[in-house]
Amino acid sequence: MPLENKPESCSLAQDGPLWLLGQLPHEEAAAFERHLAGCPGCTTRVAEYRKIAEGLKAMPPVPFETDLAPRVLEHLAENAWTDDAGAAQPVVRRRRFIAVEVAAAAAILVGLGAAVLLLPFLQQRTPLAGPVVQSPVPSALHWLAKTQDVSGAWKPGAFGGSDSQTLGVTSIVLYSFLKHPDVAKDRYARTVRRGVQYLMSRERPDGFIGTSLSELPTREQGLATLALVRAAAQWGDTKVIHAAGAALGRIRQTQSSDGSWGHAPGQGTPADVTVTVWHLHALIEAETSGWKGLRPSIERGLAWLKETRLAEGREAYARAGSFPYGLTSTSDAGKLFLLADMRGGSREARKLPLDDPLRAYFVTRGLGALDDATALSWVRNLRSLMADRQVKSGTDAGSWEPSDPAGGRVGSTALATLAFD
Amino acid sequence: MTPMPADHSAFSDARLMELVREGRRDAFVEIVHRYQRILVNFFVRMNASYSTAEDLGQTTFARLYEYRDRYRPSAPLGAFLHTLALHAWVDWTREERRQPEPADVETLSRKPKDGGGGRLDDRMDLQAALGSLSEKLRSVVVLTYFQGLSRQDVALVLGVPVGTVKSRLFLAMEELREHLGENG
């Protein structure tokens, strides 16, 4: 058969199957029929496709006598057929507070001395005493669970954010579920598994997790590793443990010589506080969970962070101007979280982070770890005010308003939920 | 609450999903009855055994309930269900690194009550040929020829452009042609 008559060489060859199905648009169908008139190769091939297609269509449906409805209903019996709009609504006792400025908290830190390492924080938590706001966590997790994409990810694009942040937002949502096992463990087990499987599907064999074409460390690497480490610790699943281990290995390998993470060292670009904070967060979480060999990397990272000075509250992420508080919150909050010295913080850093759930998360973690009544009272005040701001009705009941155009409502809700850990 | 007419089949899929979101169990049961045969056949054609197909059908309907708020009437419910079904299939094959079960004689030998269906060995050949395709190509053949979805709906289910559906269908037919030609 001459090459020009072979289907492989015909530009319209791919149209054959759809033409047989009658699914080509009219003009394309007409063009294909004209082509057939002059192409014996395609004519022969189409005849073969027709025989196959007829055989496929002639295969009868598998006879099916079972009724799946009872089994499905039995599976849903526990939580089905209730009014979904009636998902648990937090009842918040309204209290009048005088907002405590962060300056007061900073004074506490100054008084206590700077550079308290995170590890003692994780080991010495004092339960909060006194009147407690009814937790908004159950309704928040309910909203998060119902907004999960069928792929297992959480896609911010449909909720006021950007789908470019899918990996990072998915990670922080998973972390928020995993940090509340008392609420999430049974009810949302499948939700969390599907999310973790999504993360693992985005991991390369060398432990890189992300969608970026760049090999540079990204915030998503830190966030995803954090979630995987937590999941590994809670489940003991060997596949998840392996994935977490690879991701941690990647983090260790990509640490710069000065202890930071971010842009490539020696190329004249500053290291990235945001990336460093999340990478450190992942390493410290892992060490607490029992992973060995991470202390040298952690020490070097903390040392770099302590030496990094604030310039008007902004560090290396200066170009992300559209992120409200973002530079300030990540820089300051990260440093606060890791209990570095805040004396150099900007005026913005001292505001109550009601509209900045990222900062609220870091601040509550940092201050909540202090065995100090004033700091704990501040955290309770913040949580009460944040609970007031949770959406109480409608389809978004349980969520918090978007605080930035990246993570949208999903990101805000996940971070706010973490502030109630 | 809107009273349901005695004949649920009069309601459209979109209306039934609205009622499901309101918590109407009878609406959900109607949807299960409408689509359970279609979904079980989907999984069998993807090369699951009959019992696995039933299990995966159950999983898919449970996820339909779980994701009821994500369904938008602008897309056919059938396409949405097949999207959920495909995910259930991928999860199942990925979970234990399973390979699709070999063409199941017991499943394929079930004859419809009217006695049609051709010869068993012809059906075995075609099912085996289908099984030899990659997941990517098999899914487009199953959705197109067995589930009767349009190319646009197949594109929606697979999350790919319509042009990709066309090219995958072409590649699948080429592979089926070669496989059946070698074994025919």
Side-chain angles (χ1 to χ4, degrees), chain A residues 7-8 13-18 20-21 23-25 28 45-46 48-49 51-76 79-86 145-152 158 190-191 193-194 197 200-201 239 395, chain B residues 21-25 28-29 32-33 36-41 44-45 50 53-54 57-58 61-63 65-70 83-84 87 91 94 107-108 110-114 116-118 122-123 126-127 129-130 141 144-146 150-151 165-167 169-170 172-174 176-177 180-181:
Chain A
E8 304 87 82
Q14 290 194 2
D15 287 352
L18 280 180
L20 279 171
L21 286 163
Q23 288 199 31
L24 277 184
E28 291 179 39
R45 199 57 65 89
V46 163
E48 291 168 339
Y49 294 161
K51 196 173 164 193
I52 296 170
E54 285 170 355
L56 291 173
K57 284 186 183 175
M59 291 172 71
V62 176
F64 180 69
E65 309 299 334
T66 312
D67 181 3
L68 292 182
R71 287 162 58 179
V72 180
L73 291 174
E74 190 180 274
H75 175 81
L76 298 177
N79 56 2
W81 326 126
T82 56
D83 181 354
D84 190 55
K146 76 176 188 176
T147 54
Q148 186 179 32
D149 185 72
V150 294
S151 65
R190 193 171 63 197
T191 299
R193 278 211 176 266
R194 287 171 55 77
Q197 282 169 353
M200 289 166 64
S201 74
K239 286 179 193 163
T395 55
Chain B
R21 282 195 286 270
E22 289 177 19
R24 289 293 297 266
R25 168 191 167 121
F28 184 71
V29 170
V32 173
H33 288 163
Q36 58 187 353
R37 179 191 300 267
I38 293 170
L39 290 186
V40 167
N41 271 275
V44 168
R45 295 305 170 206
Y50 193 84
E54 286 193 343
Q58 179 186 331
F61 286 119
R63 287 186 184 177
Y65 179 79
E66 191 178 331
Y67 292 118
R68 60 196 182 282
D69 290 325
R70 302 285 278 154
T83 304
L84 296 177
H87 279 275
D91 286 350
R94 187 187 292 162
T107 301
L108 289 173
R110 291 173 181 233
K111 289 185 76 74
K113 289 190 176 124
D114 63 5
D122 287 343
R123 281 183 271 141
L126 273 171
Q127 189 63 40
L130 266 180
V141 169
T144 302
Y145 290 101
F146 294 108
S150 67
R151 66 198 167 105
V165 173
K166 181 164 84 169
S167 59
L169 207 54
F170 168 72
M173 291 301 259
E174 282 292 300
L176 287 173
R177 192 187 65 81
L180 292 166

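Letters A, B, ... are given to chains in the order of the sequence lines, protein chains preceding strands, and every chain is numbered from 1. Computed from heavy atoms alone, side chains included, the values below leave out hydrogens, waters and symmetry copies.
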TODO: Specify the closest pair of heavy atoms between A:Val72 and B:Phe28, including all atoms of both residues, with the distance to one decimal.
DONE: CG1-CE2, 3.7 Å
- [ ] State the CZ-CG distance between B:Phe170 and A:Asp15, to the nearest 0.5 angstrom.
- [x] 10.0 Å
Task: Which portion of B:Leu176 sits near chain A, non-hydrogen atoms under 4.5 angstrom - done: both
Task: Side-chain heavy-atom pair B:Glu66, A:Thr191 within 4.5 angstrom cut-off - done: yes
- [ ] State, with a plain yes or no, whether a side-chain heavy atom of B:Glu174 is found less than 4.5 Å away from one of A:Arg45.
- [x] yes
Task: Any side-chain donor near an acceptor of the partner, B:Gln58 and A:Arg71, under 3.5 Å - done: yes
Open item on the list: Looking at chain B, which one of A:Pro70, A:Pro25, A:Ala145 has the largest number of heavy-atom pairs inside 4.5 Å, strictly under?
Closed with: A:Pro25
TODO: Work out which heavy atom in B:Ser167 is nearest to a heavy atom in A:Gln14; give both atom names and the distance.
DONE: CB-OE1, 3.2 Å
TODO: To the nearest 0.5 Å, tell me how far B:Arg63 CZ sits from A:Arg194 CZ.
DONE: 4.0 Å
- [ ] Among B:Arg151, B:Arg37, B:His33, single out the residue with the greatest number of heavy-atom pairs under 4.5 Å to chain A.
- [x] B:Arg151
Open item on the list: I need the residue from B:Val165, B:Asn41, B:Leu130, B:Val141 with the largest number of non-hydrogen atom pairs under 4.5 Å to chain A.
Closed with: B:Asn41
TODO: Check the pair B:Arg70, A:Val150 against side chain to side chain contact (heavy atoms under 4.5 Å, CB included), reporting the backbone distance first and the verdict last.
DONE: CA-CA 9 Å; B:Arg70 302 285 278 154; A:Val150 294; over 6 Å; no
TODO: May I ask you to decide whether A:Glu28 forms a salt bridge with B:Lys166, counting only side-chain N to carboxylate O separations under 4.0 Å?
DONE: yes
Task: Interatomic spacing from CG in B:Leu169 to CG in A:Leu21 - rounded to 0.5 Å - done: 6.5 Å
Open item on the list: As an exercise: rank A:Lys51, A:Gln197, A:Gln148 by heavy-atom pairs under 4.5 Å with chain B and give me the winner.
Closed with: A:Gln148
TODO: Supply the atom-to-atom distance A:Ile52 CD1 to B:Tyr145 OH, rounded to the nearest 0.5 angstrom.
DONE: 8.5 Å
TODO: To the nearest 0.5 angstrom, please state how far the CD atom of A:Glu48 sits from the CE atom of B:Met173.
DONE: 10.0 Å
Task: Contact summary for B:Glu54 and A:Leu68, nearest pair of heavy atoms - done: O-CD2, 4.0 Å
Task: Region of B:Phe146 that comes under 4.5 Å of a non-hydrogen atom in chain A - done: side chain
- [ ] List the atom of A:Ser151, the atom of B:His87, and the distance in Å for their closest heavy-atom pair.
- [x] CA-CE1, 3.7 Å
